[in-house]
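Reviewing the structure listed below.
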Amino acid sequence: MELIKLTLPNGDIIEVTSGTTIAEAAASLSGRLAKDAVCGRFNGELKDLSYRLTENGKLEIVTTDSPDGVDVMRHTVSHVMAQAVQRLWPGTKLAIGPTIQDGFYYDFDMEHTLSSDDLEKIEAEMAKIIAEDYEITREELAPEAARALFESQNATYKLELIEGLDEQISVYRQGEFVDLCRGPHLPSTGRIKAFKLLSVAGAYWRGDSRNKMLQRVYGTAFFKKSQLDEYLKRLEEAAKRDHRKIGRELDLFSIVDEGPGFPFFHPKGMVLRNVLENFWREEHIKRGYSEVKTPIMLREELWHRSGHWDHYKDNMYFSEIENQRYAVKPMNCPGGILMYQRKIHSYRDLPIRMGELGLVHRHELSGTLHGLMRVRSFTQDDAHIFMRPDQVEAEIIGVIDLIDYVYKIFGFPYHVELSTKPKNAMGDDAIWDMATDALRKALENKGLEYKVNEGDGAFYGPKIDFHLQDCVGRTWQCATIQLDFLLPERFDLYYIGEDGQKHRPVMLHRVVFGALERFIAILTEHFAGAFPTWLAPVQVMLIPVAEDHLPYAREIAAKLSEFGIRYEIDERNEKIGRKIREAQLQQIPYMLVVGTNEMNEGTVAVRHRRQGDLGKFGLERFIEQITSEIKEKKLD
RNA sequence: GCCGAUGUAGCUCAGCAGGUAGAGCACUUCCAUGGUAAGGAAGGGGUCACCGGUUCAAGUCCGGUCAUCGGCUCCA
């Protein structure tokens, strides 16, 4: 009998007879491994436990506690779900059923429209399939055989998928169910422990809106019930933080039927905005930016010149003034360019860093609107940097530093992605290579790790995107840095060089927050409404114990006011328990309770929204403390 | 825009065998002057998203429109 050598992850080499399955190899290593094995990774490729090893190679047993193991299991659950759906609604055609970030989905084409009640029925049928514990087997077929199989089932989507495959095709069977699949899978349906179907939604076949809309069922699964429960709790937690809910409760903003996608900012939301804007201005002034404001509407002709008409007109709003066509700006750059062109620039003037908190309007499809996250009018914290080619790298580094500084203030971890030349790009490869290199060098110079998105850049230049992570683990693309060679060309921008000749400047577009509206939404969810004191719309709630203490509370308020501290006085004739409860619910950082004792001593009783009663403070001491907390932009 | 669900007082929701609306919170007034997460009482408030249809009668059934929610596509 022929022996083969298997190299294990720890470097050990074991010998087994050729034809040994991965499951058997695992069992020979340890009982625990045999029990927890989900599949194997042989020479880098995931294989079923039943896979027979016939050559030397590297073997790793993938277990239930590895991300790959979970992924394989979820994929099997998606098959079980498909099986259940086909049992309940015969004739259902299967499209695709992959795993995703936290679960899986399967797309179905069926007569019956699924409701959320149906999810329970499907779950029950799935439980049966799991209890029946079918063995899951892999079969490899020649393309013709596979075609014949799926033709016999009238599985039109699978047939379409096979078109893209030319080598041998693998299918998996469990009981009466068969599906086209690369695998691997769990060895049997009984290995599924904890799953839950989450929602039904429409989804286009192959993600193309010209194609048929299918029904997609989302679900998730874990090896342990406790992990599933934990995940479901996290979803609940995220729902509790929904900025639309907190925005209403804390009276920050609203969106009404009269203006879908056009948010109203209430006084408290406006405080947040203004604090953010002031912070933004301070940091930009420090870094040599000037600030401009360009008009909301400009002649339509400008947008033809900029290329927006060709690439963006479906997202733009138009109007007419005295028989002239105008467009509402969807971006700030053309205005910024006109600003650059207002005079002749010397090479000595560059770089010009021109910031603008620019209100843009974009027509977004009605189905995509979402609170403040996705709106039709929003304020970009934009800036355009006009520079000489030799300044590109230093300017990019400057922007990276600014973004890093700002995100750290809010306590957001982030990761970076670099997007390169797309197919329909303008400009020749040499310019793109130079620009992409500049971005890459800047990133490497800063020692930042980054992921490359090939072909994902803007049509006018490559870009760096910053994805910040909130405390629920979700990531949001906010900041972006884009190099642009196209617009300077189109608008014939120039500066006068040392040689007295005209030279073409390079342009850089960038945002730090992204959009103020979205950033406020993210902050709201991240902090669950408990904004750090420097951001809190109301920083101090004054709580007089009884009516007699009102004058003293007002005295204190006047003092706080002198120091620019944002306060409110709860003047209602209510017990302090109630006043405290409501201040707590409003997530106000500090409550100052004042009664007879405080009045006599000239003190305040300080309560913090998280730490509770902090005891009596002299007013000066409290002001000193909160002022420094605000100044340092401390996080709780 | 597309698929599905939803739309009742400021908020959260009940009402559904079709017989012209109800609770809690919030709001107003009064009583209570209270020391660290809801004191008591009384009162005001809704063309049941909008438009049309069926019916003697529609929040309740049907159709359309709008908006919201979950996704898809797109994106700051």
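Each chain gets a letter, A, B and so on, in the order its sequence line appears, and its residues count up from 1.
You'll find that the side chain of A:M213 is closest to B:C2, out of B:C2, B:C74, B:G34.
Contacts of A:G595 with the nucleic acid, taken as non-hydrogen atoms under 4.0 Å apart, include base atoms. Counting non-hydrogen atoms under 4.0 angstrom, A:G202 reaches a base of the nucleic acid. If you check every strand for non-hydrogen atoms under 4.0 Å, A:E364 touches a base. Among the atoms of the strands shown, none is found under 4.0 Å from any heavy atom of A:V360. Counting any heavy atom pair closer than 4.0 Å across all strands shown, A:A583 reaches no nucleic acid atom. The residue A:G367 sits close to a base: some heavy atom pair falls under 4.0 Å.
Atom CZ in A:R216 sits about 11 Å away from atom C1' in B:C3, given to the nearest Å. Protein atom CG of A:L214 is 13 Å distant from nucleotide atom C1' of B:U73, rounded to whole Å. As a whole-Å value, the separation of A:Y218 OH from B:C3 P is 17 Å.
Tested against A:I565 for a side chain to side chain contact (heavy atoms under 4.5 Å, CB included), the candidates A:T533, A:V538, A:L560 yield a single pass: A:L560. Put simply, the residue from A:V77, A:T220, A:L228 that forms a side chain to side chain contact (heavy atoms under 4.5 Å, CB included) with A:F195 is A:V77. Of the candidates A:H467, A:Q101, A:E525, A:R474 forms a side chain to side chain donor-acceptor pair (under 3.5 Å) with just one, namely A:E525.
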Just the atom pairs and distances: protein N or O near nucleotides 5-12 of chain B's N or O, under 3.5 Å.
| unit_1 | atom_1 | unit_2 | atom_2 | d |
| --- | --- | --- | --- | --- |
| B:U12 | OP1 | A:R248 | NH2 | 3.1 |

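For the 3.5 Å distance criterion, the side chains of A:D107 and A:Y157 fail to qualify, holding no donor opposite an acceptor.
Consecutive pairing runs in RNA chain B reach the stem threshold at B:1-7 with B:66-72, B:10-13 with B:22-25, B:27-31 with B:39-43, B:49-53 with B:61-65, where a stem means at least three Watson-Crick or G-U wobble pairs with distances under 3.5 Å.
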